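What follows is a set of notes on a single structure, which appears directly below.
Just so it is clear, the values below take in all heavy atoms, side chains as well, and ignore hydrogens, waters and symmetry mates. The shown structure was predicted, so the numbers you read here are calculated from the model rather than taken from an experiment. Here is how names work: the chains are called A, B, and so on, in the same order as the sequence lines, proteins then strands, and each is numbered from 1.
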Amino acid sequence: MTPSPTDLIAELKSQPFCRDLSDTELAELAACGTLVEVAGGDQLLTLGGPCDWFWVIVDGALDVSMHGPPVGMTIIGRLHTGDVAGVSWVAEPFRSEFDLTAVGPGHAVRFDAREVRRACAADPALGNKIYQRMATLLRDRLHATRLQLLDLYGGSRAL
Amino acid sequence: MSDSGATAALPDPAAVSLAIADLDRLISTLRDDGRVVIGPTTRDSVMTLDEIAGAGQLPRGWLDEQSPGKYRATPSETATAFAHGPPSMSWKRFLHEERTLVISTSRTNGAMVIDPAPAAPEKPLAFFGIQACDLAAIGVLDVALADDAAYRRRRDDLLVVAASCTDSVATCFCVSAGTGPRPGPLADIVLTELADGSLIADARTERGAAVLTRAGLDTAATEADCRSAAALVDAAAARQTRHLDTEAIARAAAAPDDVGWDAVAERCLTCGNCTMVCPTCFCTSISDQTRLDDGCAERWQIWASCFSLDFAYVHGGSVRTSPTSRYRQWYLHKLVTWHDQFDSSGCVGCGRCITWCPTGIDITEAITS
Amino acid sequence: MRSEPAVTTLVPTMATVEAVRRELDDTVTLSLALSEPSLTPTPGQFAMLWAPGVGEVAISYSGVGDGSRVDHTIRDVGATTRALTTCEPGAELGSRGPFGRGWDLSRLPGRRLLIIAGGLGLAPLRPVVEAATAGTLGTSSAQLLVGARSPDAMLYRDEISTHWASLEPQLTVDHATDTWKGGVGPVTIALGSAIGDPATVEAIVCGPEIMMRVVARELMDRDVAPDAIQVSLERNMQCGVARCGHCQLGPLFTCVDGPVLRWDEAEPLLAVRER
């Protein structure tokens with residue numbers, strides 16, 4: 001599948017991550033991205049490796065996981081259509097602390113994080129929008145993680 | 001309550017006059033009716049409640065002093081038996097016992113059978129000398145424990161000889177609570193004691209009138225005595241200095257987290273004394289006990305206190321871990337949510353919680369301070 | 001005034017354990033035959049189950065039967081639930097009930113029903129799930145969302161994937177391994193796609209209090225009305241008849257005024273810390 005730039009812009013327009021971007025801003029962002037196909041088991045980011053990319057999921061699912069004894073491989077987040085996968089690109093040292101793995105076949109818009117950071121620096125209005133979106137996303141993910149941290153279901157309700 | 005309060009009418013014109021010695025005739029008549037007579041009595045220098053066989057066991061010649069965290073009863077030259085503050089324990093324990101058997105089990109041909117607690121034929125009770133606040137508390141419990149069979153059984157058979165208060169201790173606030181010092185409508189007979197120990201008895205029910213008649217007490221009280229009695233009760237009311245701060249209570253009700261509980265929290269030991277002496281606190285826990293001989297079980301209903309950590313335990317921990325939250329629960333239940341639940345206040349103004357609090361926390365000042 | 005309980009007795013009815021089904025490592029479902037039939041429970045109500053000589057505990061009905069046969073799903077979390085969960089078929093227990101206010105099913109006809117459960121909170125929802133599956137609730141549509149700690153801690157997993165498949169179950173766990181097909185994260189992550197038209201939604205939610213609060217807030221953020229959200233509260237219930245006092249929540253006796261409350265009723269009460 002080799003989508004044209006217009007296909008990419010059309011796809012991004014439907015993504016919540018790109019809501020309310022102007023046509024110019026969309027084009028600036030699309031210039032940093034490529035529509036890619038993934039297969040189950042594809043490892044997109046590696047624990048401890050660089051986070052030079054991030055993905056906006058078009059269809060399919062990506063797992064955020066951690067491995068090591070005694071728990072082995074543990075999935076702590078599963079991302080679906082519309083979600084942004086890969087967040088460590090927003091701040092130095094741009095290093096992934098988790099594995100990011102495709103659950104099955106799917107598609108995503110893959111962004112070159114360096115290009116996006118450059119575009120954000122060149123167009124502060126775009127940069128403001130992108131980093132605000134990332135802040136919202138990080139907040140939501142922090143809330144979710146804190147809820148998971150409470151281990152609510154393990155210890156409550158005898159019923 | 002219609003016939004309580006400091007400005008109520010004089011005793012009924014049909015009131016009769018009693019000499020001190022007549023109290024024995026009254027108590028004997030109640031006992032002859034098969035009743036267990038419960039009244040105030042002095043034990044270990046504390047006025048408490050117990051079964052009494054005669055007027056000699058009343059706390060005649062004793063005066064008490066009560067203030068936050070302090071109780072003293074001392075012998076004095078007084079001729080009176082009823083000019084005292086609320087006895088240390090409330091009357092609820094005779095209607096709503098500390099421990100009540102709920103069920104026991106037995107085995108029949110190997111199968112477990114549940115035996116509801118027997119409605120044992122108990123002697124009916126007479127409360128002798130119960131004060132207005134404590135009488136109002138029975139009215140409160142009548143609503144909260146309406147479905148409690150053991151309570152109802154004792155309550156339905158109860159005969160009440162109440163005593164008007166002719167003195168107030170420093171912790172009293174029945175006037176503010178609207179319950180006294182004149183006993184309210186649940187009394188069968190109301191006694192009002194004069195300074196020399198003689199009394200006026202006022203029958204409020206036919207049952208009460210019949211008791212007075214059987215006791216041969218029919219000397220009409222003089223109008224002068226009635227006026228003296230009324231003046232004593234009015235004076236007792238006038239001596240009260242504590243009052244419930246309705247504005248503070250409303251603030252606490254509206255925003256429980258926003259009023260200052262810190263002063264209370266610093267002092268509350270969560271000992272639960274206030275709930276034990278409170279005449280309306282009715283909470284209980286139910287506990288299983290297994291008999292060692294035959295393995296059969298009993299279930300007991302036992303007084304509980306909302307100040308204990310496990311009172312609001314749900315799996316995983318208590319809903320109310322901080323002392324502040326437990327004090328707040330008690331306070332708001334008593335003064336606010338009781339109205340929602342039972343259409344009345346849960347506080348009758350007896351002041352026991354103030355007297356018996358080891359750190360002297362005062363329910364009338366908990367919020368205002 | 002407090003609600004008047006329909007059942008006022010502290011005396012249990014004896015019941016025989018007819019079947020024991022192991023659900024999870026620490027959780028079983030007991031099927032009980034009562035020696036005398038009780039009132040037919042409403043989904044969401046609870047019984048006081050008595051392990052003779054040990055104690056009594058409030059357990060919701062996970063199967064309401066006809067009042068003489070009922071199911072209870074119980075997790076081993078203390079002395080009494082340990083005694084209950086280790087019962088063998090034929091064991092004798094005591095049961096009192098049904099107690100409390102159950103789910104308000106009268107609100108459901110014509111609505112999109114979201115059944116949202118966390119952990120063992122699925123147990124009191126099971127009768128509703130079964131009615132929804134059978135199509136007897138009159139809803140326009142229904143979906144089941146379940147959160148659990150991990151895949152092997154998900155209650156009724158076989159039923160979810162078979163009998164309840166028509167409810168398009170959305171399952172989420174806090175953490176998983178790669179054989180897991182559902183979501184990973186809090187149960188709220190599945191809400192967005194489940195709501196549809198928020199004006200038509202009626203949500204019934206049961207789980208830990210924090211989970212219910214988060215779910216209710218998320219639903220309201222997505223324009224579901226607070227009175228269209230029902231939650232079931234857990235408090236210390238000992239008598240079931242609004243007499244022992246332990247289960248109070250502000251003006252409520254949770255045992256008779258609850259355990260099911262609408263969120264507009266529950267939210268202001270739960271907003272006060274340690275109430």
Comparing Ala148(C), Ser193(C), Ala153(C) against chain A, the one with the most heavy-atom pairs below 4.5 Å turns out to be Ala148(C)
Does Arg22(C) CZ have over 12 foreign heavy atoms under 6.0 Å away? yes
Crowding at CG, Asp197(C) (>12 non-hydrogen neighbours, <6.0 Å): yes
How many angstroms lie between atom CG of Leu149(A) and atom CG of Asp174(C), to the nearest 0.5 angstrom? 9.5 Å
Sole candidate of Val187(C), Leu155(C), Val173(C) that passes side-chain contact (heavy atoms from CB on, under 4.5 Å) when paired with Tyr153(A): Val187(C)
From CG (Leu152(A)) to CE (Met212(C)), nearest 0.5 Å: 10.5 Å
Residue-level interface, residues 69-104 of chain A with chain C, non-hydrogen cut-off under 4.5 Å: Met73(A), Thr74(A), Ile75(A), Ile76(A), Gly77(A), Arg78(A), His80(A)
Who passes side chain to side chain donor-acceptor pair (under 3.5 Å) against Ser150(C), sequence neighbours left out? Asp152(C)
Which distance, rounded to the nearest 0.5 Å, do you find between the CG of Leu150(A) and the CE of Met211(C)? 13.5 Å
Can you tell which part of Asp178(C) gets under 4.5 Å to a heavy atom of chain A, answering side chain, backbone, both or neither? both
Is it true that atom CZ of Arg21(C) has more than 12 heavy atoms of other residues, nucleotides or ligands lying nearer than 6.0 Å? yes
